[in-house]
Number of protein chains: 2
Amino acid sequence: MERMTRQRRAIEEAFAQAARPLSPAEILTIAVRAVPALGLSTVYRTLRAMEDAGVIVAVQLPGEPPRYERAGVAGAHHHHFHCRACDKVFDVRGCPGGLQRMLPRGFVLEDHSIVLEGRCADCRHAV
Amino acid sequence: MERMTRQRRAIEEAFAQAARPLSPAEILTIAVRAVPALGLSTVYRTLRAMEDAGVIVAVQLPGEPPRYERAGVAGAHHHHFHCRACDKVFDVRGCPGGLQRMLPRGFVLEDHSIVLEGRCADCRHAV
DNA sequence: ATGCTAATGGGAATGGATTCCCAATGTCAA
DNA sequence: TTGACATTGGGAATCCATTCCCATTAGCAT
């Protein structure tokens with residue numbers, strides 16, 4: 001990625017506006033408003049380049065294809081909330097301690113992830 | 001699943017012996033010792049039937065294909081440990097509270113999952 | 001403005017997990 | 001023991017996410 005193109009600008013803009021982890025499909029949906037001809041190939045290609053460059057990081061959730069978010073946000077340790085109604089993922093701050101205590105004897109803890117499931121504010125009363 | 005076959009018995013036996021969540025491939029590896037001709041189709045078919053019957057539940061980890069474990073084990077609230085060296089998954093008991101406090105305003109918490117990553121006792125010193 | 005070439009788009013191809021298909025096999029009620 | 005039919009095995013087919021291919025388009029250094 002040596003050149004700044006309209007499509008790349010649109011993708012970066014999508015991350016800036018959403019302020020939450022986005023799937024490739026979500027990114028396409030948002031960025032296509034700025035660049036109607038935008039193709040899914042370009043989204044994937046750009047995401048990979050951005051990830052390699054450390055600009056974004058993958059957010060893996062159980063049983064879900066990966067989302068991506070800006071590395072800056074991920075810089076601070078945080079976790080995620082997955083809305084079961086709209087399928088969107090949100091960042092949540094904070095982290096309960098005491099995980100070390102859950103560890104079986106002899107196991108070494110290197111990292112952890114917590115995923116909260118439920119309904120986001122918008123889907124609070126949705127079916 | 002109306003009939004008790006050798007292959008189904010071997011699969012149930014695999015769960016009983018392993019006492020940890022197993023992937024379809026792991027189940028095949030273990031159960032094929034009792035039934036050499038066992039096919040992967042049968043493993044998948046049986047897993048689905050067992051899941052539908054509520055005998056086992058799927059264990060979803062971030063970025064991983066599902067494992068399965070007996071529902072009895074899952075009856076008690078617990079979480080999982082994923083060994084980065086051998087890729088095995090283990091149950092861990094306990095759960096830190098305070099997750100409610102991480103929730104953004106207006107969000108409703110329905111469930112959560114915690115995945116610990118690191119090295120199991122066996123891989124403690126592995127490369 | 002020009003030219004080199006990186007980047008695009010979209011349809012085809014890939015890869016891994018899972019399901020389907022169906023002739024052969026094995027279970028179990030009678 | 002027998003027969004109806006549930007179950008099996010394994011190769012083909014499907015599914016979905018992602019990547020590849022390549023002719024066309026368009027940054028950007030000069």
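So you know, we letter chains A, B, ... as the sequences are listed, proteins then strands, and number each from 1.
- Following rounding to the nearest Å, Arg8(A) (CZ) and dT25(D) (C1') show an atom-to-atom distance of 19 Å.
- Dashed line: the shortest gap from a side-chain N or O of Gln7(B) to OP1 or OP2 of dG9(D) is under 4.0 Å.
- For the salt bridge (charged side-chain N to carboxylate O under 4.0 Å, His left out) test, residues two or more places apart in sequence or in another chain that qualify with Arg8(B) are Glu12(B).
- Applying the ring pair (Phe, Tyr, Trp, His ring centres under 6.0 Å) test to every pair with at least one member in residues 88-110 of chain A, sequence neighbours left out, gives these pairs: Phe90(A)-Phe107(B), Phe107(A)-Phe81(B), Phe107(A)-Phe90(B).
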Atom pairs, N/O to N/O, protein against nucleotides 1-4 of chain D, distance under 3.5 Å?
none

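- Expressed to the nearest 0.5 Å, how far CG of Leu38(A) lies from CD1 of Ile30(A) amounts to 11.5 Å.
- Distance Arg9(A) CZ to dT8(C) P: 11 Å, rounded to the nearest Å.
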*Test log, rule salt bridge (charged side-chain N to carboxylate O under 4.0 Å, His left out), inputs Glu26(A) and Arg20(A)*: CA-CA 11 Å; Glu26(A) 284 178 319; Arg20(A) 62 180 179 81; 3.3 Å; yes

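- When all heavy atoms are compared, the tightest approach of Val108(B) to Leu103(B) is C-CD2, 4.1 Å.
- Atom C1' of nucleotide dT8(C) and atom CD of Glu2(A) are separated by 15 Å, given to the nearest angstrom.
- When heavy atoms are screened at a 4.0 angstrom cut-off, Thr42(B) is found touching base atoms of the nucleic acid.
- End-to-end axis angle of the helix from dA1(C)-dT30(D) to dA30(C)-dT1(D), using five pairs per end and rounding to 10°, comes to 40°.
- Sorted by first and then second residue, the ring pair (Phe, Tyr, Trp, His ring centres under 6.0 Å) pairs involving residues 108-127 of chain A (not counting sequence neighbours) are His77(A)-His112(A), His79(A)-His112(A).
- Regarding Leu38(B), its CG atom lies at a distance of 15 Å from the C1' atom of dT25(C), rounded to whole Å.
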Please set out all donor-acceptor pairs under 3.5 angstrom arising from side-chain atoms of residues 91-102 of chain A, sequence neighbours excluded.
| residue | atom | partner | partner atom | Å |
| --- | --- | --- | --- | --- |
| Asp91(A) | OD1 | His78(A) | NE2 | 3.1 |
| Asp91(A) | OD1 | His80(A) | NE2 | 3.0 |

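- The distance between atom CZ of Arg6(A) and atom P of dA26(D), rounded to the nearest whole Å, is 6 Å.
- Residues satisfying the side chain to side chain contact (heavy atoms under 4.5 Å, CB included) criterion with Asp122(B), sequence neighbours excluded, are Cys120(B).
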*Could you run down nucleotides 11-22 of chain D 5' to 3' and tag each one B, S or - for protein heavy-atom contact under 4.0 Å?*
B-----SSBB--

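- Met50(A) has its side chain out of reach of Arg45(A): every pair of non-hydrogen atoms, C-beta onward, lies at least 4.5 Å apart.
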I'd like a table of atom pairs between the protein and nucleotides 13-16 of chain C - only N or O on both sides, under 3.5 Å - with the distance next to each one.
none

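- Note on residues 21-55 of chain A: no pairs pass ring pair (Phe, Tyr, Trp, His ring centres under 6.0 Å), not counting sequence neighbours.
- Residues that satisfy the salt bridge (charged side-chain N to carboxylate O under 4.0 Å, His left out) test with Arg84(A), not counting sequence neighbours, are Glu117(A), Glu110(B), Asp111(B).
- Among residues two or more places apart in sequence or in another chain, the salt bridge (charged side-chain N to carboxylate O under 4.0 Å, His left out) test is passed with Arg48(A) by none.
- One atom, CE of Met4(A), and another, C1' of dT5(C), lie 18 Å apart when rounded to the nearest Å.
- When hydrophobic clusters are built by joining Ile, Leu, Val, Met, Phe, Trp and Tyr residues whose side-chain heavy atoms come closer than 4.5 Å, directly or via intermediates, Ile114(A) is not grouped with Val59(B).
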